[in-house]
There are 2 protein chains.
Amino acid sequence: MENVKIFDGIKDGELEKMLSCFDAKHKKFASGNNLPTRRYGEPRLGVILSGEADLVRYDYDGYRNILEHLSQGDVFGEIFMQIEGADELAIVCETKCDVLYMDYKNVIKRCENACEFHSTLVDNILKIMAAKVQKLRTHLEVLSQRTLRTKLLTYFNMTAKQAGSNSFTLPFSLADLADYLYVDRSAMLREMKNLREENLISSRGKHITLT
Amino acid sequence: MENVKIFDGIKDGELEKMLSCFDAKHKKFASGNNLPTRRYGEPRLGVILSGEADLVRYDYDGYRNILEHLSQGDVFGEIFMQIEGADELAIVCETKCDVLYMDYKNVIKRCENACEFHSTLVDNILKIMAAKVQKLRTHLEVLSQRTLRTKLLTYFNMTAKQAGSNSFTLPFSLADLADYLYVDRSAMLREMKNLREENLISSRGKHITLT
DNA sequence: ACAAAAAAGTTGCAAATGCAACTTACTGAA
DNA sequence: TTCAGTAAGTTGCATTTGCAACTTTTTTGT
């Protein structure tokens, strides 16, 4: 459980103490199940200990939309789903899942025992949410480009910067890249070909070099 | 100070107590200033009491990019700016600004006095961040549409749903709408004209009706 | 090693879009 | 009331893009 971001910086001994302090419950769900985010009407925080799940929304025309993919260490709960619009959000298991549940109120509440880990946990949750915001902003920045070409170049530049090198391998397939950029795959490959011919990049499959 | 979301649900009496408990400081800045997010190396939370500011990023080619507009009641701070990539984010005053600063550590720390308002404040911050995520997701959903037409229709449908009516007035100018959709303004107006001619909408200026 | 499936790559064509250069309609201050 | 500035609306044209229908290459399971 140590590689779970929400528990970063919390020592093993403390973790146990904390879990009992928070009335944490360990539950198992089969693939296809919806993961609940409340118990007795009270909002809860869930941590995926193992398995894969999706945060999905059902569109106004019933179309299912995956907003986020969750795997080991990821956190979910009412607080992440929110609020106005009250869209049909749900967490759906894609495989069988092990989940650790905590009471949301307990987590954010002032702790009568003044446990040290308490503020660490809150800090971690804030960091997780901030990282989520960052990720969405990055995505938005790429999409803010008006042409396919500049979308690609923006994405490539960001990835190169992250990799610390002009050469890098995409973290997913080219088809997935097209989905991420929300463009037609063949149009994207055509544009990559153009970039290649103009010697702005060289690429083969998922491996790309800026030149 | 009562209409400030971060202080929602905290009573006046408590607020004063809290501000001293958090060692809150009131500062004024002139237009054009950068708002700091640390003091003596310690991260701080800022609340805009009055004035306007922007969260800006400086691109790799030095281009200035406004990520978010902040006005009365909005919160800023390291935790919202984050992390990896360590982009050149800054908060820049657009007008003179009144800012209330709090020590981040104090805010998230277990409170020795076990103050009631403490958990309320943390809850509010989490809600603010969740709302931010929601807003970004919504934006992303609109941009995920591949054509200008469907971008418009998606945005209009969402706005209508929010307004609870097929008739609504845009919360900003048409030029701003084009910016929000990241499309050319004239191309957008042309498409709106098409939609009008096909009787899918009727519109005049910022007032739109779905039909 | 082979077949089958998945991913990558290609291309023609019609339609959508950005861009530029306008005109027309509002709105607010002197 | 008029003038100036801003927002809305229009249009032609070159370019970009989505879409569909492929081929080629790579990966995977047996």
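In the text below, chain A, chain B and the rest are named by the order of the sequence lines, each starting its count at 1. What's counted below: heavy atoms across the whole structure, side chains too, no hydrogens, waters or symmetry copies.
In this structure, CD of B/Gln145 is placed 13 Å from P of D/dG18, rounded to the nearest angstrom. Residue B/Leu148 contributes atom CG, which lies 11 Å from atom P of C/dA16 at whole-angstrom precision. In this structure, A/Lys151 atom NZ and D/dT16 atom C1' are separated by 11 Å, rounded to whole Å. A/Glu191 places its CD atom 18 Å from the P atom of C/dA8, with the value rounded to the nearest Å. Distance, B/Asn194 CG to C/dT17 C1': 12 Å, rounded to whole Å. Per the geometry, CE belonging to A/Met188 stands 18 Å off P belonging to D/dA20, to the nearest Å. Rounded to whole Å, atom C1' of D/dT17 lies 17 Å from atom CG of B/Leu143. The distance from atom CZ of B/Arg149 to atom C1' of C/dA14 is 15 Å, rounded to the nearest whole Å.
In terms of the ring-ring contact (aromatic ring centres under 6.0 Å, His included) criterion, A/Phe172 has no residue partners (sequence neighbours excluded). With sequence neighbours excluded, the residues forming a side-chain contact (heavy atoms from CB on, under 4.5 Å) with A/Lys193 are A/Arg196, A/Glu197, listed by chain and number. Residues satisfying the side-chain contact (heavy atoms from CB on, under 4.5 Å) test with A/Ser31, not counting sequence neighbours, are none. Annotation: ring-ring contact (aromatic ring centres under 6.0 Å, His included) contacts of B/Tyr182 (sequence neighbours excluded): B/His139. Among residues two or more places apart in sequence or in another chain, the salt bridge (Lys or Arg N to Asp or Glu O under 4.0 Å) test is passed with A/Lys132 by A/Glu68. For B/Tyr104, there are no ring-ring contact (aromatic ring centres under 6.0 Å, His included) partners two or more places apart in sequence or in a different chain.
One axis for each end of the helix from C/dA1-D/dT30 to C/dA30-D/dT1, each built from five base pairs, and the angle between them comes to 60° at 10° resolution.
In this structure, the side chain of B/Asn157 engages the main chain of B/Leu153 through a donor-acceptor pair within 3.5 Å.
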One character per nucleotide, please: for nucleotides 8-15 of chain D, 5' to 3', B when the base has a protein heavy atom closer than 4.0 Å, S when only the sugar-phosphate does, - otherwise.
BBBBBB--

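When each of A/Val92, A/Ile91, A/Asp54 is tested with A/Leu70 by the rule side chain to side chain contact (heavy atoms under 4.5 Å, CB included), just one qualifies, namely A/Ile91.
Residue pairs meeting the side-chain hydrogen bond (donor to acceptor under 3.5 Å, both in side chains) criterion with at least one member in residues 40-50 of chain A, sequence neighbours excluded: A/Glu42-A/Lys105.
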